[in-house]
Structure formats: C-alpha cells, structure tokens
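The chain is numbered in sequence order, starting from 1.
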Amino acid sequence: MQIISIIFPVFFIAFIGYLYANKVKINMDMPNKINMDIFIPIMVFYFISEKLPSIHMIGSFSMGAVIVVFGSGIILYPITKIFNLNPRTFLPPMMFNNSINLGLPLAFFAFGEEAMALAIALSLVQVIGQFTVAVMMYGGKFDIGSLFKNPVIIATLIGLLFNYFNFHLPSILLDPVKMMAQVSIPLVLFALGVRLIHLELRYWKIGILGAILCPLSGILMALLAIYIFDYTPLQASLIILFGALPPAVINSIMAEKYNCDSITVASIVAIGNIASLIIIPIVLYFVL
C-alpha cells in the first residue's frame, strides 16, 4: 500500500494527460516552455536555497549521478557492438533518463520535501549532460553560451549562492515562490502523459532491450557510486531510484531535431516508460 500510494499520484496525473490528449488535439509546447522557464527553475531555487541542509552535500552526490549517467554509457557500449546497434541512437536514451518528468515526482512522493533538493542535484547532472554530451552524440553542436542561458542552471546557481551565504527570501515572497514551485510537478507529469501519445512502438525489439538495460545499467552504476561514496540511507535510496528511471522523453525530441533515427529512439523511450510501470514499484519495494 505504501508503494501504491507513492506511484499512484505520479502515474494517475500522467494518465490524465494521456487521456486528455486522446480526446482533444492539444499542443503542450507553450505550457512546457512556461514550466521549463518559470515553474521548474523556481522549484529548483526554492528547494536548494530553503531545503538543502548544506551545499557540501551536493558535491559527492552529484558525482554519483555522473557515475550513473556516464558509467551506463560505458558499460553498454559493448552491447551496441554485440547487437550491431548504432551507439548514437541507443546509448543516449540509456544514459539520460526521466529524472525531471518522473524522478522528481517520485522522490517527492516517496521521501518528502527533504529529498527534493538532493533529487534536484541528481537531475542537474542529467540536464547539463542532456544539453551538452547528448547534443553531440545525436550529431549536433554544443554551444556553451546556451547552457548558461538555461533558466534551470541560472536558478541553481542563485539557489547555491543563497544557501552558501544563508540568505532567505522575505516571507512575503516565500509563499508565492513556494506556490509556483508546487505547480511544476503536476504540470510536468501531465505533459509526460501528453507526450507519450505521440511516441512510436514500431521497433519493439530494440525497445524491450533498452527497457531492460536502461534501469539495469543505472542500478549497477548506482551501487558502484554507493560503494565509492559514504552516502546516507536516504542518498543511497535516491541514487538507486535515479538509476532505475526510464529514458527521458526529450531523447526522442533531440533525435528528431538532429535527424538521428528518431523513430528508433522514440520506440526505446516509449517502451522504456511503459516498462517503468513494473520496474519502479519493484525498485521502491527494495529502497523504502
């Protein structure tokens, strides 16, 4: 019942988005842009500045996320040779998972507000990697200037400054900031449901392979990070959950943008997210 109470809000809101998109022709580009430009950065700032016990906790924990993300790519590279897969197509979805759309809501419902700042530290590695390494893997060119124009990165830097110098917003501002932060998670879940309706299941064999290998490699690398670093039980649980997440939906968008076999990538993403309905409850059973 505890696991059901955690995953039900997450998948229910996404399911509502999926049902709505089935009935109504909807374009989520503008709501997604507003969420990424306003609500998610405010959430990131709020939890880092107000809820993170110490800025020093982010260092080793973020390094754990680096191990999970890039370690997954390293250990799965031989698989691309064995099964004759294109590494540019297969590896990015294995490395860059649904940490914002699914990871942050799961962390919130499973472990509460105290876990959110730590979960954000993991997601930031994904965000930075997605707009740098993933862009280059899909065949694009990375512009470092665009990274520092990213509202999430800007909000992170400001939040870290507030945390380090022990600055706090006045109460008259804190309440509206908290309210806007609370908008981000339901909206990102609803958008996830809407996005899933457009994903492909055409290449189901490679999709099933990815659905198995993505969480498996992530969990193995998470266990390696736990072995290397002295993590608290909460940190260990969060990084295992982080490693078990399915491929990020944005992978299919990037593959299409850079003309990198987007149908195959979309199939990997779609089947991986469907498989998470089984995998995530199993992982939660062991980490709670």
Can you check side chain to side chain contact (heavy atoms under 4.5 Å, CB included) on L174 and E50, steps first, answer last?
CA-CA 10 Å; L174 195 59; E50 298 293 331; 3.9 Å; yes

Could you give me the CA-CA distance, side-chain angles and deciding distance for K205 and I271, then say whether side chain to side chain contact (heavy atoms under 4.5 Å, CB included) is met?
CA-CA 10 Å; K205 290 182 180 179; I271 295 175; over 6 Å; no

Begin with the C-alpha distance, continue with both residues' side-chain angles, and end with the deciding distance and a verdict on side chain to side chain contact (heavy atoms under 4.5 Å, CB included) for Y46 and M116.
CA-CA 10 Å; Y46 172 74; M116 285 298 290; over 6 Å; no

Stepwise, does the side chain to side chain contact (heavy atoms under 4.5 Å, CB included) test hold for F90 with F83?
CA-CA 11 Å; F90 187 75; F83 289 94; over 6 Å; no

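Contact detail for A191 and M28: the closest heavy-atom pair is CB-CE, 3.7 Å. The nearest pair of heavy atoms linking I7 to P281 is CD1-CG, 3.6 Å. S123 and L104 get closest at one heavy-atom pair: OG-CD2, 3.6 Å. Heavy atoms only, all atoms of each residue included: P93 and P247 are closest at O-CB, 3.3 Å. Among all heavy-atom pairs drawn from A115 and L234, the shortest one is CB-CD1, 4.2 Å. Nearest heavy atoms, C260 versus T89: SG-OG1, 4.0 Å.
One hydrophobic cluster holds both L157 and L122 under the rule that ILVMFWY side chains link at heavy-atom gaps under 4.5 Å. By the criterion of side-chain heavy atoms lying less than 4.5 angstrom apart, applied directly or through intervening Ile, Leu, Val, Met, Phe, Trp or Tyr residues, Y20 is grouped together with I34 in one hydrophobic cluster. Placement of I42 and M179 in two distinct hydrophobic clusters is found when ILVMFWY residues are connected by side-chain heavy-atom separations under 4.5 Å, directly or transitively. In the hydrophobic clustering of ILVMFWY residues, with side-chain heavy atoms under 4.5 Å counting as a link, L223 and F286 come out together. Taken together through direct or relayed side-chain contacts under 4.5 Å among Ile, Leu, Val, Met, Phe, Trp and Tyr, I74 and L220 form parts of separate hydrophobic clusters.
Between I67 and L224, the closest side-chain pair of non-hydrogen atoms falls below 4.5 Å. Using a 4.5 Å heavy-atom threshold, the side chains of L288 and F111 count as touching. You'll find the side chain of L284 stays beyond 4.5 Å of the side chain of Q2, heavy atoms only. In this structure, V283 and P215 have side chains that are not in contact, with every pair of non-hydrogen atoms separated by 4.5 Å or more. Inter-residue side-chain proximity for F242 and L238 is flagged as unmet; no heavy-atom pair is nearer than 4.5 Å. The shortest distance between side-chain heavy atoms of P186 and F39 does not fall below 4.5 Å. Between L245 and I280 the shortest side-chain heavy-atom distance falls below 4.5 Å. The side-chain heavy atoms of F96 and I250, taken from C-beta on, include no pair separated by under 4.5 Å.
Within 6.0 Å of atom CG in L173, more than 12 heavy atoms from other residues, nucleotides or ligands are found, so the atom counts as buried in its surroundings. Crowding of F15 atom CZ: a count of heavy atoms from other residues, nucleotides or ligands under 6.0 Å not exceeding 12. The neighbour count for I82 CD1, taken as heavy atoms of other residues, nucleotides or ligands under 6.0 Å away, is above 12. Under a cut-off of 6.0 angstrom, the local environment of CD in E256 is sparse, with at most 12 non-hydrogen atoms contributed by other residues, nucleotides or ligands.
In this structure, the side chain of N163 engages the main chain of L52 through a donor-acceptor pair within 3.5 Å. A donor-acceptor contact shorter than 3.5 Å links the side chain of N251 to the backbone of A248. A donor-acceptor pair under 3.5 Å is formed between the side chain of S237 and the backbone N or O of V287.
Proximity of the aromatic rings of F109 and F8 is defined here by a centroid distance below 6.0 angstrom, and this criterion is not met.
The aromatic rings of F162 and F45 stand perpendicular to each other, their planes meeting at an angle above 60°, with 30° marking the opposite boundary.
With 3.5 Å as the limit, one finds a donor-acceptor pair spanning the side chains of N98 and N273.
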